[in-house]
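So the structure is just underneath, and the comments pick up after that.
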Amino acid sequence: MTLVRSPSRSSSSPESVVFRTRADEVYAQLKRDVAEFRLVPGDRFTENEISERLNVSRTPVRQALFRLQQEGFVEVLFRSGWRVLPFDFDQFEQLYDLRMVLETTAVHRLCEADHRVDRSLLAELAAIWLVPAAQRSADTAQVAQWDEEFHCALVAAAGNNEMARIHRDVTDRIRIIRRLDFTVQRRIDTTYDEHAKILKAIRANRGDQAAMLLRAHIETSQAEVRKITLHQVHMARHAVGSGR
């Protein structure tokens, strides 16, 4: 089986690498197709169609689709291929609830005199988010990545490895819709402002204030993502109906 060497997503160890199989590559591409609405909820397709489009054999395609099926993105149809499932907003909201518990607990710990707190991670976040407006990034993909790393770093800095592990899993599962929050410029500006306020509250050891700001930040993002997702699905279906 061909292995593809690619950089690790972890920002803490940029020199590390992971090995990705062809099935991993197909999985990542199909997940992007769903996230970017090239595959719209309700779309039907066959393994042969995916194989031809991605120029790979059916084996990695099937492996990738079974993985996406387990994650609730597609379903297999008896003798008629596969179908993209509608977004399960109830499941996403449950994941956001769990994320909220983990992150607010973490910021409270960051405001306590705990030797396990990693202050260097907080300093790295400050270097990104506590900058003048003129130095802010306008790159939506970059800001989306930094936003995810911001929230993961808050939990990791609290010093509980099990909390950080569970949070990373939640983060991976909501990434497909969360990234839509950065398709609108005003949301980028708001994210910078809100992250800065959260960091300043943590630096001042104001745990209740930091948790309140973080909760409001996540709730606003969650509402925006849901609204944008519904709009994107509507536009994608309209484009298909118009013969895109």
Side-chain angles (χ1 to χ4, degrees), residues 11-12 89 92-175 177-229:
S11 58
S12 60
F89 284 109
F92 282 124
E93 287 175 4
Q94 290 175 28
L95 291 170
Y96 266 87
D97 286 346
L98 177 54
R99 174 191 171 196
M100 187 87 73
V101 171
L102 293 169
E103 293 188 27
T104 53
T105 299
V107 296
H108 273 293
R109 294 191 176 190
L110 293 175
C111 295
E112 299 170 356
D114 192 325
H115 70 279
R116 294 174 298 177
V117 170
D118 188 339
R119 300 294 173 186
S120 65
L121 280 177
L122 297 178
E124 291 174 10
L125 293 179
I128 294 174
W129 299 103
L130 297 179
V131 296
Q135 296 179 23
R136 293 177 174 180
S137 173
D139 184 331
T140 56
Q142 180 68 83
V143 176
Q145 180 182 342
W146 282 349
D147 173 72
E148 182 174 303
E149 292 172 353
F150 172 85
H151 292 274
C152 288
L154 288 181
V155 179
N160 186 313
N161 292 333
E162 284 303 303
M163 281 179 58
R165 179 186 61 79
I166 295 170
H167 184 266
R168 285 194 300 270
D169 178 64
V170 172
T171 298
D172 184 62
R173 294 171 68 184
I174 65 174
R175 182 178 297 117
I177 66 166
R178 179 178 174 177
R179 60 182 295 281
L180 294 172
D181 199 19
F182 299 95
T183 57
V184 182
Q185 181 61 43
R186 64 178 175 79
R187 291 296 301 149
I188 295 177
D189 297 333
T190 299
T191 297
Y192 266 100
D193 293 339
E194 293 178 354
H195 283 190
K197 291 177 181 178
I198 293 166
L199 285 173
K200 288 176 182 177
I202 292 172
R203 282 182 154 188
N205 294 324
R206 296 173 180 165
D208 289 340
Q209 181 186 22
M212 179 190 69
L213 290 168
L214 181 61
R215 180 180 296 276
H217 171 66
I218 294 174
E219 288 176 345
T220 300
S221 175
Q222 182 179 359
E224 287 288 330
V225 163
R226 182 174 185 131
K227 181 171 64 177
I228 293 169
T229 301

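All of these numbers come straight from a predicted model, not from anything done at the bench.
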With sequence neighbours excluded, give me every salt bridge (Lys or Arg N to Asp or Glu O under 4.0 Å) pair touching residues 189-207. R136-D193

Under the criterion side-chain contact (heavy atoms from CB on, under 4.5 Å), I'd like the reasoning laid out for Y96 against V170: C-alpha separation, chi angles, the key distance, then a yes or no. CA-CA 8 Å; Y96 266 87; V170 172; over 6 Å; no

Can you give me the closest heavy-atom contact between A201 and C111, atom names plus distance? O-SG, 4.3 Å

Can you tell me how far apart CD (Q94) and CD1 (I174) are? Round to the nearest 0.5 Å. 13.0 Å

Stepwise, does the side-chain contact (heavy atoms from CB on, under 4.5 Å) test hold for L125 with E149? CA-CA 9 Å; L125 293 179; E149 292 172 353; 5.8 Å; no

Looking at Y192 and S137, would you say the former's side chain and the latter's main chain have a donor-acceptor pair under 3.5 Å? yes

Nearest-0.5 Å distance, CG of residue L110 to CG of residue L121: 9.5 Å

Can you name the residues that form a side chain to side chain donor-acceptor pair (under 3.5 Å) with E93, not counting sequence neighbours? R226

Can you confirm whether or not the ring centre of H167 sits under 6.0 Å from the ring centre of H151? no

With sequence neighbours left out, the residues meeting salt bridge (Lys or Arg N to Asp or Glu O under 4.0 Å) with R215 are none

Could you name each residue pair satisfying salt bridge (Lys or Arg N to Asp or Glu O under 4.0 Å) that touches residues 96-115, not counting sequence neighbours? R99-E103, D114-R116

Output the distance between atom NE2 (H217) and atom OG1 (T190), rounded to the nearest 0.5 Å. 9.5 Å

Check the orientation of H195 and F150. Use parallel for under 30°, tilted for 30 to 60°, and perpendicular for over 60°. parallel

Full working for side-chain contact (heavy atoms from CB on, under 4.5 Å) between L122 and L154: CA-CA 7 Å; L122 297 178; L154 288 181; 4.2 Å; yes

In Å and rounded to the nearest 0.5 Å, what is the OG1 to CD distance from T140 to Q145? 12.0 Å

Find the distance between OG (S221) and CG (D147) and round it off to the nearest 0.5 Å. 6.5 Å

Which residue pairs satisfy the side-chain hydrogen bond (donor to acceptor under 3.5 Å, both in side chains) criterion with at least one member in residues 117-135, sequence neighbours excluded? D118-S120

Restricting to non-hydrogen atoms, name the atom on I202 and the atom on A210 that form the minimum distance, rounded to 0.1 Å. CG1-CB, 3.9 Å

Testing the basics here: between L214 and T104, what is the closest heavy-atom pair and its distance to 0.1 Å? CD2-N, 3.9 Å

Minimum heavy-atom distance D172-R175, with the two atoms named: OD1-NH1, 2.6 Å

Using side-chain heavy atoms (C-beta onward) and a distance below 4.5 Å, is V155 in contact with I166? no

Residues passing the salt bridge (Lys or Arg N to Asp or Glu O under 4.0 Å) test with D208, sequence neighbours excluded, are none

Contact between T105 and H108 at the side-chain level, heavy atoms closer than 4.5 Å - yes or no? no

